[in-house]
Colleague: 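The structure that follows is given in the form of structure tokens.
When reading the values below, keep in mind they use all heavy atoms of this one structure, side chains included, and skip hydrogens, waters and symmetry mates. A, B, ... follow the sequence lines: proteins, then strands. Residue 1 opens every chain.
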Amino acid sequence: MEPIKKGLDQVLKGASVVLFALLVVIVVWQVFTRQVLNSPSAWTEELARYTFVWVGLFATALVFSERGHIAVDFVVDKFSPRVQKVVAVCVQLSIILFALAVLVYGGLRAANGAWNQSLSALPTQVGVMYLAMPIVGVLIAFYAVYHLQAVLRGAEEAIAHEEDPQVV
Amino acid sequence: GGGGAGSGVTILRVALNQTETHPSYVALANYSDRLEAQTDGRMRLDIFPNETLGAQAEVLQLLSDNIIDLGIISGSQMENLSKDFLVLNMPGVFDSVEHQMPVVHDPEIVGELYTSLEDSNDLTVMGGFTQGSRHIYVKDEISSLADLDGVKIRVQESELNLAMVRALGGSPTPMAFGEVYTALQSGVLDGAENNEVSYFTQKHFEVAPYFTNSNHLVGLDYMVASTEMLENLDPADRQLLEDEWVNTYLDHTELWGEATQEAIDGARAGGAEWIEIDQAAVQAALEPLADTFLTTPVQRELYDKIRAAAPSQEG
Amino acid sequence: MDPIALAAIVLVGTIVIGIVFSVPIAVSIGLGSFFAAIVLLDVEKAALVSSQRLFTGINSFTLLAIPFFVLAGVLMNTGGIAGRLIDAAKVLVGRTPASLANTNVVANAMFGAVSGAAVAAAAAIGTVMTPRMKEEGYDPKWSAAVNVASAPAGMLIPPSNTFIVYSLVSGASISALFMAGVIPGMIWAGACILVVLLTYRRFSTPQPPSSVTFSEALLVIWRAVPSLLMIVVVIGGIVSGIFTATESSAIAVVYCLVLGFAYRTIGVSDLPKALLDAARTTAIIMLLVGVSTALSFVMSFSHIPQAVSDGLLGLTDSPQVILFLMMIILLLVGTFMDPTPAILIFTPIFLPIVTSFDMSPVHFGTMIVYALSVGVITPPVGNVLFVGARVAGMGIEPVVGKLIWFLLALVGGLLLVIYVEPLSLWIPEMLGLLGD
Ligand code: NA
Ligand code: NA
């Protein structure tokens, strides 16, 4: 599992960097066409939004890989190591349930329902855009399974303490 | 289906993108009251205003799955499901609200269109609420269509709307509705187009005081139902729902007329001026749009039927 | 049992248990909404509606401003802005008593005007200030407390991602919120300065006021002004209607890049890390916003906000008392939860109540952001506190001991912000940003 995880991480990091840079270019282009050329293009906002959703969801998976989504640890910190391990397993199982039920199953169902609903400016359908959810759901479930076995093997701490905490 | 909460009570969930003071909400609330009165409380509506259940694009999906039962949906959203709905949103297709309302509730004309999404999307259109005649308004006084040359007019973002303003000589600028006031104030926009009600409630008259009678488009919001819900209703209840819908749109048209008059009075009191421009010139400028945008025989036939029913064609 | 009551219990139960047992907050909210939707609909529809709302919630041009403002902040910080801001702050308050402590406060406020990242402020400013204050004989614990207490001011001073998140759930205009945050942000910094002036004698040895010559001052300000001008470009663009918030955030990124290349403080090789940092922060916020959109659907669908509102208004009909109760709840929630998830959860419940007694959503925005920002410096979960203590080379307990007076003063400032409406609304009103 380890090499697959590392490979996926690199792909997601690369994609995040490139697509975020592209996003800056798209939005700056939108300002430029509206303010300078005085002829706004109809598709830039929609393109920016959907690019953002896709890259943001992929970055979300990456943060699951790093166990970086904010969680409240101070209660679990007080438990014994054995109990902490049990809790950690339950946490990863919750993530798997969320990823498979909401993102994969719900996402496929939503994509199916909106398969013939066109976007306003781009030549594709809402349903196609929804496919980001099942794809990212599978990635998140994979990462959760990875952490689950790593915690059980003792290769990872039960509680992931953030080295660079931030406020969101 | 039907959102029934046990004990035989049918509560239909309705999604609306307007506030509680809007004519659409008031008409729907009256609709609910009449349904409740006539069924001894067995049937009523649960109205969710202000997009609380989602924007219209998502409401359509929720209706398809009968997670909600009814929704008020704009024409442009319906176009994303079927291009045939474009016909009713064409500039110049309706002369007036008086032309529009009977047509959009005439099964001879729109019956096929309204049931066309039942198999593919589980959606049935019951009719519509008028959103009134739309007119161009500007910061600096104009006296004829020619004065619109190069004037930056805000439109809702769609190819048709962009083409419409270009056909009238203006420079179309798509922008979110909420940003229009500031943009008019700062001169990023020279004008916009809307009905009298929005012109007044959004206070655009403060920053663009010249309101024309361009009458280039008569707006329409559809009443869309979940087909599954309609089929699961008791036949007598379904009949009642449809009968009372007729009273509802008539009620709404009246409320809309009152709101329009109040808006005109309010904007006038606030310093707005009404400008007469040549409406025939507007119609002539808009006519080529139908040829460009209505490309299928179904669209053409519908368009011709609607035009044939126009008061201007009969007189 | 009434399905709506059952749904409410399932919703609250899942979220609370999930959060307490360290399930990521976003996953707790997502599962809670999904389970409650199962009670109201069925499994298939619940999955469909949860995923659809999640996607819709993040499919927002406004949300796109967040990665850009984060990126601008990261780029500014990479460019070594902290030292220049500290020098400029020193010119401004160098003649006050306890001038280094006040310099720390003002530098944090200035940092807030180029970024909303309170942790980055505490780390960047604290790292430079800690040795300097120690050298001049200040008590290191107190110095760390000054830094920690003042760092969150930037969450109120524009640009602020916290206000963008609030704007998403409340529908209030970002320009109005940004301008509304200016005075409350200054009140925050002012409260810190007040405590510094009242207590410095116990924690420092008297220092002669540092004197700066006029030409030194000019040079220092000259070095800081281009960075601070970013706020002028951003806010000027939004307020005048030339840019939307999202566009202005992209312009801010370009501005920071140009500045960084001009000062030769940023190289192309720094960019991937900056972009990745921005992507991470965005992803965390994005998932929270997405699941909260599902949450607010489930709550609206079952009329939960109305039930809470009826209950609260049944207890008392005094708006003052209700606001006070809300303040206490927000301060308590903030002790263990970050501002973003708390805003996403509580705005849909509280906002309809306060608007029912005609409070402006913009004013409620400054109240909720201020109240929840207090939590980032309190235990048990307070990342600004954690990082501020770490850069000062100590644990959190000694810092917390010195924070008490600051916390009291900050809550005093909060009461002012809540009960004196013009402190929030005067500037946006003057600029015509409040609409109707
Ligand atoms: Na800020
Ligand atoms: Na805290």
Colleague: Heavy-atom distance under 4.5 Å to chain C: side chain of A:Phe52, backbone, both or neither?
Modeller: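 Both backbone and side chain of A:Phe52 come within 4.5 Å of chain C.
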
Colleague: Name the member of C:Leu63, C:Leu288, C:Ile251 that forms the most heavy-atom pairs with chain A at distances under 4.5 Å.
Modeller: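 If we count pairs closer than 4.5 Å to chain A, C:Leu63 comes out on top.
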
Colleague: Just how far is it from atom CD1 of C:Ile285 to atom CD of A:Gln166, taken to the nearest 0.5 Å?
Modeller: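 Separation between the atoms: 7.5 Å.
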
Colleague: Tell me, yes or no, whether the heavy-atom count around C:Phe21 atom CZ, taken from other residues, nucleotides or ligands under 6.0 Å, exceeds 12.
Modeller: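 Count not over threshold, so no.
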
Colleague: Does A:Glu66, at its CD atom, have more than 12 non-hydrogen atoms belonging to other residues, nucleotides or ligands within less than 6.0 Å?
Modeller: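 Yes - once you tally the heavy atoms of other residues, nucleotides and ligands closer than 6.0 Å, there are more than 12.
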
Colleague: Which atoms of A:Phe79 come close to chain C, meaning under 4.5 Å heavy atom to heavy atom: side chain ones, backbone ones, both, or neither?
Modeller: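 The side chain, not the backbone.
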
Colleague: Going from OG on A:Ser16 to CG on C:Leu275, what distance comes out if it is rounded to the nearest 0.5 angstrom?
Modeller: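 Reported value, rounded in 0.5 Å steps: 9.5 Å.
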
Colleague: A:Val31 versus C:Thr244: any side-chain heavy-atom pair under 4.5 Å?
Modeller: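 Side chain of A:Val31 against side chain of C:Thr244, heavy atoms only: no contact under 4.5 Å found.
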
Colleague: When you measure from the side chain of C:Asp338 to the backbone of A:Val168, do you find a donor-acceptor pair of N or O atoms at a distance under 3.5 Å?
Modeller: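 Confirmed, C:Asp338 side chain pairs with A:Val168 backbone.
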
Colleague: Please classify the contact of A:Leu108 with chain C as side chain, backbone, both or neither, using a heavy-atom distance under 4.5 Å.
Modeller: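 For A:Leu108, no heavy atom lies under 4.5 Å from chain C.
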
Colleague: Could you pull out the closest heavy-atom pair between C:Leu287 and A:His69, with the gap in Å?
Modeller: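 Distance-wise, the nearest heavy atoms are CD2-CE1, 3.7 Å.
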
Colleague: Hey, are the side chains of C:Asn59 and A:Tyr50 touching, using non-hydrogen atoms and a 4.5 Å cut-off?
Modeller: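 A side-chain contact under 4.5 Å exists here.
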
Colleague: Report the residues that fulfil side-chain hydrogen bond (donor to acceptor under 3.5 Å, both in side chains) with A:Gln84, sequence neighbours left out, ordered by chain and then residue number.
Modeller: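 Counting only residues at least two positions away or on another chain, A:Gln84 forms no side-chain hydrogen bond (donor to acceptor under 3.5 Å, both in side chains).
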
Colleague: At their closest point, which heavy atom of C:Gln52 faces which heavy atom of A:Ala110, and how far apart are they?
Modeller: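 Closest heavy-atom pair between C:Gln52 and A:Ala110: CB-CB, 4.5 Å.
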
Colleague: What residue pairs, at least two apart or across chains, pass side chain to side chain donor-acceptor pair (under 3.5 Å) with a residue in residues 142-154 of chain A?
Modeller: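 Listed by first then second residue: A:Glu2-A:Tyr146, A:Asp9-A:Tyr143, A:His147-A:Glu156, A:Gln149-A:Arg153.
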
Colleague: What closest approach, in Å, do A:Val102 and C:Ser51 show between heavy atoms, and which atom pair accounts for it?
Modeller: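 Closest heavy-atom pair between A:Val102 and C:Ser51: O-CB, 3.2 Å.
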
Colleague: Taking the side chain as everything from C-beta on, heavy atoms only, tell me whether A:Leu62 gets closer than 4.5 Å to C:Leu276.
Modeller: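 Side chain of A:Leu62 against side chain of C:Leu276, heavy atoms only: contact under 4.5 Å found.
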
Colleague: Can you tell which of A:Val27, A:Val28, A:Val25 makes a side chain to side chain contact (heavy atoms under 4.5 Å, CB included) with C:Val254?
Modeller: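 One option only clears the test, and that one is A:Val28.
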
Colleague: So which heavy atom on C:Pro272 is nearest to which on A:Val17, and how close?
Modeller: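 Nearest heavy atoms, C:Pro272 then A:Val17: O-CG2, 3.7 Å.
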
Colleague: Of all of C:Phe243, C:Phe61, C:Phe336, C:Phe34, which one pairs up most often with chain A through heavy atoms under 4.5 Å apart?
Modeller: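 Highest number of heavy-atom pairs under 4.5 Å: C:Phe61.
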
Colleague: I need the C:Leu64 CG to A:Ile26 CD1 distance, nearest 0.5 Å.
Modeller: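 Taking CG in C:Leu64 and CD1 in A:Ile26, the distance rounds to 9.0 Å.
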
Colleague: Taking all non-hydrogen atoms of both residues into account, name the closest pair between A:Val72 and C:Ile25 and its distance.
Modeller: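 Closest approach of A:Val72 to C:Ile25, heavy atoms only: CG2-CD1, 4.1 Å.
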
Colleague: What is the distance from atom OG of A:Ser94 to atom CD1 of C:Ile17, rounded to the nearest 0.5 Å?
Modeller: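 The distance works out to 10.5 Å.
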
Colleague: Looking at CD of A:Glu45 and CD of C:Glu247, how far apart are the two atoms once the value is rounded to the nearest 0.5 Å?
Modeller: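 CD of C:Glu247 is found 8.5 Å from CD of A:Glu45.
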
Colleague: Nearest 0.5 angstrom please: A:Phe64 CZ to C:Ile284 CD1, how far?
Modeller: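 One gets 10.0 Å once the value is rounded to the nearest 0.5 Å.
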
Colleague: Can you confirm whether A:Ile70 sits close enough to C:Val381 that some side-chain heavy atom of one is under 4.5 Å from a side-chain heavy atom of the other?
Modeller: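 No. Closest side-chain heavy atoms not under 4.5 Å.
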
Colleague: Where do A:Val167 and C:Thr162 land on the side-chain contact (heavy atoms from CB on, under 4.5 Å) test, with the steps shown first?
Modeller: CA-CA 10 Å; A:Val167 168; C:Thr162 328; over 6 Å; no

Colleague: Can you find a pair of side-chain heavy atoms, one from C:Val387 and one from A:Pro165, that are under 4.5 Å apart?
Modeller: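 In contact.
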
Colleague: What part of A:Gln92 lies closer than 4.5 angstrom to a heavy atom of chain C: side chain, backbone, both or neither?
Modeller: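 For A:Gln92, neither part sits under 4.5 Å from chain C.
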
Colleague: Just so I know, are the side chains of A:Tyr105 and C:Leu48 near enough to count as touching, which here means a heavy-atom distance under 4.5 Å?
Modeller: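 Of all side-chain heavy-atom pairs linking C:Leu48 with A:Tyr105, none is under 4.5 Å.
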
Colleague: Might you point out which heavy atoms bring C:Pro24 and A:Val91 nearest each other, and give the distance in Å?
Modeller: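 Closest heavy-atom pair between C:Pro24 and A:Val91: CD-CG1, 3.8 Å.
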
Colleague: Using the six-membered ring wherever Trp is involved, compare the ring planes of A:Tyr130 and C:Phe55 and label them parallel, tilted or perpendicular (cut-offs 30° and 60°).
Modeller: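 Ring orientation, 0 to 90° scale: perpendicular.
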
